[in-house]
Number of protein chains: 2
Amino acid sequence: MRGIDIVDIDDHLRKTGIKPSYQRKAIFEYLMNSNCHSTVNDIYMALSSNISTLSKTTIYNTLNLFVDHNIVEVINIDPNEARYDIVREVPHGHFKCEECGEIYDIFLDFNTLPIKDLNNFTIKTQQINLTGICGKCNEK
Amino acid sequence: MRGIDIVDIDDHLRKTGIKPSYQRKAIFEYLMNSNCHSTVNDIYMALSSNISTLSKTTIYNTLNLFVDHNIVEVINIDPNEARYDIVREVPHGHFKCEECGEIYDIFLDFNTLPIKDLNNFTIKTQQINLTGICGKCNEK
DNA sequence: GTTCCTGCAAAAGCTTTGCAGAAGA
DNA sequence: TCTTCTGCAAAGCTTTTGCAGGAAC
């Protein structure tokens, strides 16, 4: 479900005007293959074992670059910490479980959002963030 | 439009189990009458001239108390800074203009959100955050 | 008198900035 | 060689915590 059709990361980055350095490719690949709406710390923990010199500064630099180039989006569902997700074909919202902390994708049709009163506004980003208790935790 | 029907703040706080101290009433009143989805700093700037001893700690304490008691909600539209809004009868989303920074209320029917795949989930909070360029800035 | 509230100071945590050295073209 | 990228160290911000004095009842 989360897998997307970017086969050649090198090419994908280049197409958006980003030089595909070793670190940048690793960070993009991690985001693409992980399904946990990663924080900077998640990425750092996951990659620093393989790339021992990797610094958080580089992760921040890289993520900001990706966001600027619109291939990654920031999810503000967590007030204390930004989460990052690959920009996907199908826009979707997010649900965070208060109990277990897990973040779920919520697929909904953004085109049918009942938005009124927005004459002459240009919408660039849309985020739908829900919180509550997830199915698993409700069963307990 | 933003005005709500809370006439007696003292009573409103008491009903939700909050002791209506001078500071708490002032903060709640400010949120009720302002229309700018205030930050902690906004509140501090606005009130500290009248309440010279007011500290940001008290504002944080108070807002967290209000949020816990469900009479104020946090808006995470701004990654760097939390914004606070009175919980209103009519749920609504928010739009932040990248140009002027203004935050607008977006009225939409949360009940008709096209959400699927949420069997057995309990939804407690819903936030819809949009960004882009507002009508005023588009005219320039 | 006891409990709760306030606010100063300090700490904690996320993110950005400055800068020097390294890598890449 | 010249530009760009990386990463250490330090700084900047928002928010939380510890704690002592004060207010309320």
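Quantities reported herein were computed from a predicted structural model and do not represent experimental measurements.
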Sugar-phosphate, base or nothing in reach of B:Lys19, heavy atoms under 4.0 Å: sugar-phosphate
Value in whole Å for how far the P atom of D:dT6 lies from OH of A:Tyr44: 15 Å
Under-4.0 Å side-chain N/O to phosphate OP1/OP2 contact, A:Asn64 with C:dT15: no
d(CG, A:Leu54; P, C:dA22) in whole Å: 18 Å
Nucleotide nearest B:Ser55 (side chain, heavy atoms from C-beta), chosen from C:dG7, D:dT6, D:dG7: C:dG7
Which atom of A:Glu98 lies closest to which atom of A:Thr131, heavy atoms considered: OE2-OG1, 4.1 Å
Phosphate contact (C:dC8 OP1 or OP2) by B:Thr57 side-chain N/O below 4.0 Å: no
Length of the line joining A:Ile51:CD1 and C:dA23:P, which is rounded to integer Å: 14 Å
Spacing between B:Gln23 atom CD and C:dC8 atom C1', to the nearest angstrom: 14 Å
Side-chain donor/acceptor of A:Asp42 to backbone N/O of A:Thr39, under 3.5 Å: yes
Nearest-Å distance for atom pair CD1/P, residues A:Ile18 and D:dT4: 15 Å
Euclidean distance, atom CG of residue A:Asn80 to atom C1' of D:dT17 [Å, nearest integer]: 15 Å
Which nucleotide in D:dT6, C:dG7, C:dT17 has an atom nearest any side-chain atom of B:Thr53: C:dG7
Ring centroid separation A:Phe121 to B:Tyr104 under 6.0 Å: yes
Interatomic distance where OH belongs to B:Tyr22 and C1' belongs to C:dG7 [whole Å]: 16 Å
Sugar-phosphate only, base, or nothing, as touched by B:Ser21 at under 4.0 Å among non-hydrogen atoms: sugar-phosphate
Verdict with reasoning, B:Asn129 to B:Lys96, per side-chain contact (heavy atoms from CB on, under 4.5 Å): CA-CA 8 Å; B:Asn129 295 327; B:Lys96 180 178 181 183; over 6 Å; no
Out of C:dA9, D:dT14, C:dT15, whichever nucleotide has its closest atom nearest the side chain of B:Tyr60: D:dT14
Student check: side-chain heavy atoms of A:Ile43 and A:Leu31 closer than 4.5 Å: yes
Sugar-phosphate only, base, or nothing, as touched by A:Asn41 at under 4.0 Å among non-hydrogen atoms: nothing
Closest listed nucleotide, where the reference is the side chain of B:Asn61 and the choices are D:dT15, C:dT6, C:dT16: C:dT6
Between D:dC13 (C1') and B:Lys56 (NZ): distance, integer Å: 9 Å
